[in-house]
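Everything below concerns the one structure shown next.
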Amino acid sequence: MTPFRRRPAFRAATAALVAGVLVGGLAACSSNGGGNTAAPADIPAEGTDDGTTLTLWTRAPLERQAKLLVEAYNASHENQVELTVVPNDDYVAKVGAAAGSGGLPDLFAADIVYVPNWVEQGLFQDITAQIDGLDYKDDINQGHLSAGTVDGQEHVLPFVLDLSMLMWNKELFAEAGLDPEKAPATLSEFADAAQAVQDLGKPGVSGTSTGLNCGGCLVFTWFPSVWASGEEVLSEDGTESLLAGDAAQEVYKTWKGLEDAGAVAPGSADETGATWVAGFQEGNVGVMPFPATLLSGLDFEAGVAGIPGVDGGASTFVGGDGVGISKDSKQSAQAWNFLSWMMSEEAQVEVLAKDGNAVSRGDLAENSYASEDPRQVTINQVAAEGQTPVALNFQQAFNAPGSPWLTLVRNAVLEGTSTVDADNDEISAILGQ
């Protein structure tokens with residue numbers, strides 16, 4: 001497997017524009033003035049299990065995994081966790097209001113795209129001592145740890161991972177004369193495979209699909225090809241866009257070629273993210289970068305691999321949610337008991353992996369459940385080495401409706417303009433604010 005550089009991770013997901021405003025405003029409403037409260041240093045290694053009732057908030061997209069974890073924890077511990085599932089569109093506003101009133105729950109999960117801002121605003125307790133005390137710390141997904149680390153202080157652990165993987169419909173590959181067991185190894189092989197499926201001329205079937213009006217979809221699925229090519233998408237400090245580089249230009253060129261050839265699913269140009277994966281789920285798309293968490297729901301045989309670069313290699317965008325102890329919790333030792341158990345082999349394997357989810361520890365990648373499906377082992381291995389950029393203004397630059405990143409992509413792929421350099425400068429202007 002191609003080695004991956006470890007970088008902080010964000011979930012590439014669409015979100016309401018107001019979310020960016022609320023995140024920026026949390027500094028004013030944080031009751032501790034934006035500082036980070038440290039969890040007590042004398043917390044036992046596994047925390048305290050004394051029958052305390054804990055509260056946990058999560059977003060609706062993670063309801064299944066959260067319920068499984070909470071039910072398993074409650075069945076085996078004296079402490080009891082009360083789970084609140086919040087609609088995705090309401091989550092940022094609910095967290096913002098609670099932060100201002102001192103009403104955050106003991107534990108709360110956060111889309112990894114918001115973690116750096118919420119850590120900066122002091123919404124999570126500093127649990128560096130507790131995380132550093134874990135024997136397997138080096139095996140925990142480093143992207144999620146890094147997203148919650150500021151000035152060397154750690155605040156979150158991975159809650160649920162999501163990754164972008166290249167997936168293909170094996171039946172359509174076979175019909176198109178392609179080897180259904182062989183992954184496209186380069187960007188051009190991906191394009192050739194998509195075109196071969198398109199050339200079948202099957203009604204309702206497209207070679208590939210994407211969301212060309214969904215900034216989050218595009219960073220989630222296109223950035224990995226840049227990394228796999230040995231290039232970066234942002235400067236180290238996250239204030240400059242590097243998306244006018246050679247590899248990025250080749251990504252735009254490849255997708256423009258597929259769009260011009262009619263090999264991209266109808267509706268992709270206007271797709272804002274609500275249904276961007278539907279065509280593949282329905283068996284009507286040949287090959288596309290696709291969320292790993294949705295693999296288990298497919299009712300056809302799909303191949304899985306890392307997303308290829310221009311001349312080979314592979315990479316992935318690690319997303320999902322991180323979870324930490326809130327600034328308002330008075331039960332840090334008990335909350336840590338839940339977090340430390342959550343990272344244990346019991347929880348990672350017997351709860352998450354058993355249900356077909358990726359694990360957050362690289363040393364558990366080849367667990368007994370994943371080993372029953374080599375594709376899940378591939379996903380776990382890639383997850384342990386995944387990457388994505390970190391920038392405080394990531395939401396405004398990339399995910400927000402009408403972002404400069406969307407302008408760049410739409411100009412390059414749909415309009416065919418030669419404005420990539422100028423559009424890239426506009427992304428940098430937002431990142432540098």
Spacing of His155 atom NE2 and Lys327 atom NZ [to the nearest 0.5 Å]: 13.5 Å
Reported CG-to-CG distance for the pair Leu243 and Asp421, which is rounded to 0.5 angstrom: 11.5 Å
Within 6.0 Å of NZ in Lys253, more than 12 heavy atoms from elsewhere: no
Among Tyr91, Phe124, Tyr114, Trp57, ring-ring contact (aromatic ring centres under 6.0 Å, His included) partner for Phe108: Phe124
Separation between CD of Glu271 and CG of Leu218, rounded to the nearest 0.5 Å: 10.5 Å
Check: Phe398 ring centre within less than 6.0 Å of Phe220 ring centre: no
Closest non-hydrogen atom pair between Glu301 and Arg375, with its separation: OE2-NH1, 4.2 Å
Summary of salt bridge (Lys or Arg N to Asp or Glu O under 4.0 Å) pairs that have at least one residue in residues 186-214, sequence neighbours excluded: Glu175-Lys202
Side chain to side chain contact (heavy atoms under 4.5 Å, CB included) against Glu259, all qualifying residues, sequence neighbours excluded: Leu212, Val264, Val413, Leu414
From Arg59 atom CZ to Thr84 atom OG1, the distance as rounded to the nearest 0.5 Å: 15.5 Å
Min side-chain heavy-atom separation Phe338-Leu56 under 4.5 Å: yes
Contacts of type side chain to side chain donor-acceptor pair (under 3.5 Å), residue Ser329, not counting sequence neighbours: Asp106
Parallel, tilted or perpendicular: ring planes of Phe280 versus Phe290, cut at 30 and 60 degrees: tilted
Residues which pass side chain to side chain contact (heavy atoms under 4.5 Å, CB included) with Ala370, listed by chain and number, not counting sequence neighbours: Asn367, Gln376, Val377, Asn380
Distance-only donor-acceptor check, side chains Asp328 and Ser326, under 3.5 Å: no
ring-ring contact (aromatic ring centres under 6.0 Å, His included) involving Phe190 - partner list, sequence neighbours excluded: Trp255
Side chain to side chain donor-acceptor pair (under 3.5 Å) against Lys170, all qualifying residues, sequence neighbours excluded: Glu181
Atom of Ala261, atom of Gln195 and distance for their closest heavy-atom approach: CB-OE1, 3.3 Å
Backbone N/O of Val287 and side chain of Thr208: donor-acceptor pair under 3.5 Å: yes
Sidechain-backbone polar pair: Ser344 side chain, Ser340 backbone, donor-acceptor under 3.5 Å: no
